[in-house]
2 protein chains.
Amino acid sequence: MEEAKGVVKHVVLAKFKDGIAENKIEEIIKGFANLVNLIEPMKSFNWGKDVSSENLHQGFTHIFESTFESTEGVAEYVAHPAHVDFANLFLSHLEKVIVIDYKPTAVSV
Amino acid sequence: MEEAKGVVKHVVLAKFKDGIAENKIEEIIKGFANLVNLIEPMKSFNWGKDVSSENLHQGFTHIFESTFESTEGVAEYVAHPAHVDFANLFLSHLEKVIVIDYKPTAVSV
């Protein structure tokens with residue numbers, strides 16, 4: 001099994017609280033994306049709404065994926081004041097959240 | 001907000017049942033990866049173990065990401081006999097699972 005050297009993906013699954021306006025959600029997502037400009041080890045960001053049809057999404061409605069060069073980079077990001085401020089705002093709008101970091105590994109079969 | 005044309009990411013979070021041997025888990029992951037060879041619309045596969053330190057992983061231990069060219073491609077994959085067989089095996093070894101599909105979107109800020 002082959003590991004992409006050093007790359008760490010930081011995946012956030014979120015369910016926003018009921019009643020939060022769509023434009024507030026958009027504003028929050030832009031704030032998340034803007035962390036790329038503020039926190040050096042954060043290398044990329046993308047997101048999407050759940051469009052699955054298997055009904056195994058457990059109520060989660062949004063997913064956010066950012067990339068880092070190392071787990072140390074993720075730790076620096078987590079502790080960064082810009083992230084702390086954003087996370088306080090973000091989490092206050094969520095009903096539930098899951099965060100997973102992983103080093104993407106391909107499998108040759 | 002700019003959407004990568006047509007690409008759909010299929011993300012599976014899993015927690016294996018306690019007591020399942022590590023080599024059984026490896027065998028299952030190889031079976032997952034091998035679906036790329038069997039199901040045409042599945043374009044890539046990678047996976048990783050959770051290495052997060054924020055303690056927001058809710059017990060999930062593994063994440064799997066595959067890519068498709070469209071939501072129709074995901075639907076074809078879900079219904080494919082090779083996937084049905086694999087999913088029956090896979091799910092029987094899991095304590096919990098979340099599946100989310102999304103069209104990755106970048107945000108310019």
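Keep in mind that what you see is a predicted model, and the values were worked out from it rather than measured. Just so it is clear: chains get the letters A, B, ... in the order the sequence lines come, proteins before strands, and each one is counted from 1.
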**Prompt:** Which residues in residues 11-23 of chain B have a heavy atom less than 4.5 Å from any heavy atom of chain A?
**Reply:** B:Val11, B:Leu13
**Asked** Among residues 71-81 of chain B, which ones touch chain A with a heavy-atom distance under 4.5 Å?
**Response** B:Thr71, B:Val78
**Prompt:** Under the salt bridge (charged side-chain N to carboxylate O under 4.0 Å, His left out) rule, what pairs show up with a residue in residues 79-92 of chain B, not counting sequence neighbours?
**Reply:** none
Are [Y] and [X] connected in a single hydrophobic cluster, I mean Ile/Leu/Val/Met/Phe/Trp/Tyr linked by side-chain heavy atoms less than 4.5 Å apart?
X	Y	result
B:Phe45	B:Leu94	yes
B:Phe90	B:Leu38	yes
B:Tyr102	A:Val99	no

**Complete:** Checking heavy-atom separations under 4.5 Å from chain B, one finds in residues 49-66 of chain A A:Lys49, A:Asp50, A:Val51, A:Ser52, A:Ser53, A:Glu54, A:Leu56, A:His57, A:Gln58, A:Phe60, A:Ile63, A:Glu65
**Contact winner vs chain B - A:Ile100, A:Val36, A:Val97, A:Val8, heavy-atom pairs under 4.5 Å** = A:Ile100
**Request:** Kindly indicate whether the side chain of A:Phe32, heavy atoms from C-beta on, has any atom under 4.5 Å from the side chain of B:Val107.
**Result:** no
**Prompt:** Contact part of B:Lys9 toward chain A, heavy-atom cut-off under 4.5 Å: side chain, backbone, both or neither?
**Reply:** side chain
